[in-house]
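No experiment lies behind these values; they were computed from the predicted model shown.
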Amino acid sequence: MPKNSKVVKRELDDDVTESVKDLLSNEDSAEDAFKTSELIVDGQEEKDTEVEEGSEVEDERPAWNSKLQYILAQVGFSVGLGNVWRFPYLCQKNGGGAYLLPYLILLMVIGIPLFFLELSVGQRIRRGSIGVWNYISPKLGGIGFASCVVCYFVALYYNVIIGWSLFYFSQSFQQPLPWDQCPLVKNASHTFVEPECEQSSATTYYWYREALNISSSISESGGLNWKMTVCLLAAWIMVCLAMIKGIQSSGKIVYFSSLFPYVVLICFLIRAFLLNGSIDGIRHMFTPRLEIMLEPKVWREAATQVFFALGLGFGGVIAFSSYNKRDNNCHFDAVLVSFINFFTSVLATLVVFAVLGFKANVINEKCITQNSEMIIKFLKMGNISEDIIPHHINLSAVTTEDYHLVYDIIQKVKEEEFPALHLNPCQIEEELNKAVQGTGLAFIAFTEAMTHFPASPFWSVMFFLMLVNLGLGSMFGTIEGIVTPIVDTFKVRKEILTVICCLLAFCIGLIFVQRSGNYFVTMFDDYSATLPLLIVVILENIAVCFVYGIDKFMEDLKDMLGFAPSRYYYYMWKYISPLMLLSLLIASIVNMGLSPPGYNAWIENKASEEFLSYPAWGMAVCISLVVLAILPVPVVFIVRRFNLIDDSSGNLASVTYKRGRVLKEPVNLEGDDTSLIHGKTSTDVPSPNFGKNIYRKQSGSPTLDTAPNGRYGIGYLMADIMPDMPESDL
């Protein structure tokens, strides 16, 4: 037993004597000492707390230097690559402005209440995700482990995006930028533009062919892309070195890392507004299409993005809030951080859609030029009469409005023959509706913007440096959420575990740097985190509201905050949020069953994307990702429900009662009952001076039992007077 955890064990079988007068005189002091002492299980928040496991003592829990630093840290954690890459991608994919309305609704109904819930439990219990859910209910401790598994899956492909950013960053020190124009191909007779690039665009070609060198399907691996393999290795080396040494945060770094992205995005927005056609993209963004809002997939992906944006289910929110003071107003923090995150996503989306509007305008002008030449050809051949063309329209230099007028006239006059003409309406809305699928949205849209900026290499360097920093900031928190619970549980060296974790992740991540790697990124993004996070958040909601008790939780919030939270959260947590989460889960499963998952493959010959379904093995991988992420929940429940693992040391059952402290001791459940009871040292409670009367251990004395939430019930153990002692002796 460590010297700092010495406990004086009182043998209740020993005879002790004391006069009635002395015993009664000490009764009040002993009872007061018992009442003022505490039993702390799996955690203690006060400064005089001392938790011991073996010979290791947990130091005082650190705290944030200021409220501003905490807010900026939460904003920095939530504002990451997802705001620049994922949110605009989903917004464009799901109909522009039609995506904003369900996202905002789900943010109010699910996001803020559940974000407030995670902040509250972390601040109240002052532990990480595994410790929090073990405290709520040990049988639901698998929720924390499931969060760790999801974190690892996300880290696998999230660092690949950092690798892509590093590649573009390294290619940005050129004038002109390498994705500025289509490459030229030379043969024996003449020089011509690369057909794949000519049919798409310079930035699209550079992304798919030069950067990814993508294959035509997920089944065609095509071997490793060595450029991206080196970039992925560099990304993991940076993460590994940073995690081994630890991250020393300071106010200046927090201010820079949190505010620098806003400076860059605002500068990009101002420049984007000066591009021709940007207003069309902005208008498309804020024009919701109600028919798309009725699709369950839109709501499912909006809910998933809420989890990604706020970090729900990952455990990072709980960890950050656990370093707060107990009386911190976490409700204000939840609302503030949620809306800062939302407006940051909107700001990034404004920039992306302004660029997409410009890009669509350029493509639309090419379309009008090509179709005007076709109309002139039809006029010369006599297929179309010149009398139907208005005299004020010059087809050699036609405007967008004039072309649409001519197109409508020809469509009405040549009603039956019109399909054979193969004329294109050239609507800019059609171009805006063609979402740039996959993770290439930010790389294609922003790279297109930077080719039109003055000093474009400088802007490119700044943008991709911002992406690298945002990604690394998120990766540090993600890896910490994986390493820390393992170190705490298995007592391994953090340095060795970090190297092994990063090395293993790099080896697994090689599947993402194949020529078909982008398709695997899409697969992991859709299935390794989407459904598992939804299930994890549902279980968190159930654990607090129906296991711990919503009424008890509301009382805890009132005691912690100093005021009673709005009843809005009571009804959200107990009724609305669980129902909506369950509905989204059911809709996601039904949608998966009705339409087999697939991906958008880049077809080189067509220079366009084509939707393909996953092969049988791909479906098996998708299902395995979901199952592996959720598996810890039932495993932990079964193990703790049926006591399949002997956890007699270092768990909640081995707690020694000592004033203001928790001392872990081995418990022998089959031994003498007195082994569960430990007396207080003389320095803790004034011991009564026993007289001559004899007290003995009660026969069949009760043993301690645990409450469903892991707490102990403590009662007084009364010693009976020996049967052979007459009452007169008292």
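- With hydrogens and angles disregarded, a donor-acceptor distance shorter than 3.5 Å links the side chain of N134 to the backbone of I130.
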Under the side chain to side chain contact (heavy atoms under 4.5 Å, CB included) criterion, do L581 and L585 qualify, and how do the steps go? CA-CA 6 Å; L581 290 172; L585 178 62; over 6 Å; no

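- To the nearest 0.5 angstrom, C240 atom SG is 12.0 Å from M238 atom CE.
- When each of Y548, F553, F546 is tested with W573 by the rule ring pair (Phe, Tyr, Trp, His ring centres under 6.0 Å), just one qualifies, namely F553.
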Using the rule given for side chain to side chain contact (heavy atoms under 4.5 Å, CB included), can you reason through F116 versus L557, listing the C-alpha separation, both sets of side-chain angles and the distance that settles it, and then say yes or no? CA-CA 11 Å; F116 180 33; L557 289 178; 4.3 Å; yes

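- Rounded to the nearest 0.5 angstrom, W236 CH2 and L504 CG are separated by 9.0 Å.
- Atom CG of L312 and atom OG of S338 lie 8.0 Å apart (nearest 0.5 Å).
- Using a distance-only test at 3.5 Å, with no hydrogens or angles considered, a donor-acceptor pair links the side chain of Y152 to the main chain of A505.
- Under the 4.5 Å side-chain criterion, counting only non-hydrogen atoms from C-beta, I110 is in contact with M580.
- Two residues are said to be in side-chain contact when any heavy atoms from C-beta on lie closer than 4.5 Å; L232 and F512 fail this criterion.
- The distance from the CZ atom of F268 to the CE atom of M462 is 9.0 Å, given to the nearest 0.5 Å.
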Steps toward side chain to side chain donor-acceptor pair (under 3.5 Å) verdict (Q123, N328): CA-CA 8 Å; Q123 182 173 311; N328 176 61; 3.2 Å; yes

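- Checked by atom type, the side-chain pair S577/N541 shows no donor-acceptor distance below 3.5 Å.
- Of the candidates L106, V537, L533, V306 forms a side chain to side chain contact (heavy atoms under 4.5 Å, CB included) with just one, namely L106.
- For the pair N341 and V79, the minimum side-chain heavy-atom distance is below 4.5 Å.
- When all heavy atoms are compared, the tightest approach of V239 to C502 is CG1-SG, 4.4 Å.
- There is a side-chain donor-acceptor pair under 3.5 Å between T344 and Y262.
- Between F115 and L310, the closest heavy-atom pair is CE1-O, 3.6 Å.
- Considering only heavy atoms from C-beta on, I112 stays 4.5 Å or farther from Y568 through its side chain.
- The CZ atom of F463 sits 13.5 Å away from the SG atom of C267 when rounded to the nearest 0.5 Å.
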Checking W459 against R271 for the side chain to side chain contact (heavy atoms under 4.5 Å, CB included) test, could you report, in this order, the C-alpha distance in whole Å, the side-chain angles of both residues, the deciding distance, and whether it holds? CA-CA 11 Å; W459 288 99; R271 184 63 185 89; 5.9 Å; no

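- Looking at W133, its side chain never comes within 3.5 Å of a backbone N or O of E540 through a donor-acceptor pair.
- Taking the six-membered ring where tryptophan is involved, the planes of W164 and F443 are perpendicular, since the angle between them exceeds 60° and thus also 30°.
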Can you check side chain to side chain contact (heavy atoms under 4.5 Å, CB included) on F339 and V335, steps first, answer last? CA-CA 6 Å; F339 278 101; V335 176; 3.8 Å; yes

Can Y103 and F342 be said to form a ring pair (Phe, Tyr, Trp, His ring centres under 6.0 Å), step by step? CA-CA 9 Å; Y103 182 87; F342 173 71; 5.8 Å; yes

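- Heavy atoms only, all atoms of each residue included: A543 and L140 are closest at CB-CD1, 3.6 Å.
- Taking every heavy atom of both residues into account, L166 and A234 meet most closely at CD1-CB, 4.3 Å.
- Taking the side chain as every heavy atom from C-beta outward, N159 and F506 never approach each other to under 4.5 Å.
- Taking each heavy atom of N329 and K67 in turn, the nearest pair found is O-NZ, 4.3 Å.
- The shortest distance between side-chain heavy atoms of L100 and F87 falls below 4.5 Å.
- Residues L156 and F153 have side chains in contact (heavy-atom distance under 4.5 Å, counting atoms from C-beta outward).
- Between the side chain of S147 and the main chain of G313, a donor-acceptor pair closer than 3.5 Å is present.
- Counting heavy atoms from C-beta on, the side chains of L631 and F145 never come closer than 4.5 Å.
- In this structure, K574 is not positioned above the aromatic face of Y570 in the sense of NZ or CZ being under 6.0 Å from the six-membered ring centre and within 45° of the axis.
- Taking the six-membered ring where tryptophan is involved, the planes of Y571 and Y575 are essentially parallel, since the angle between them stays under 30° and well short of 60°.
- At distances below 3.5 Å, at least one donor-acceptor pair connects side-chain atoms of N469 with backbone N or O atoms of L465.
- Nearest heavy atoms, Y158 versus G80: OH-C, 4.2 Å.
- The environment of F273 atom CZ is dense: over 12 non-hydrogen atoms of other residues, nucleotides or ligands sit within 6.0 angstrom.
- Between the CG atom in D551 and the CG atom in D556 there is a gap of 11.0 Å [rounded to 0.5 Å].
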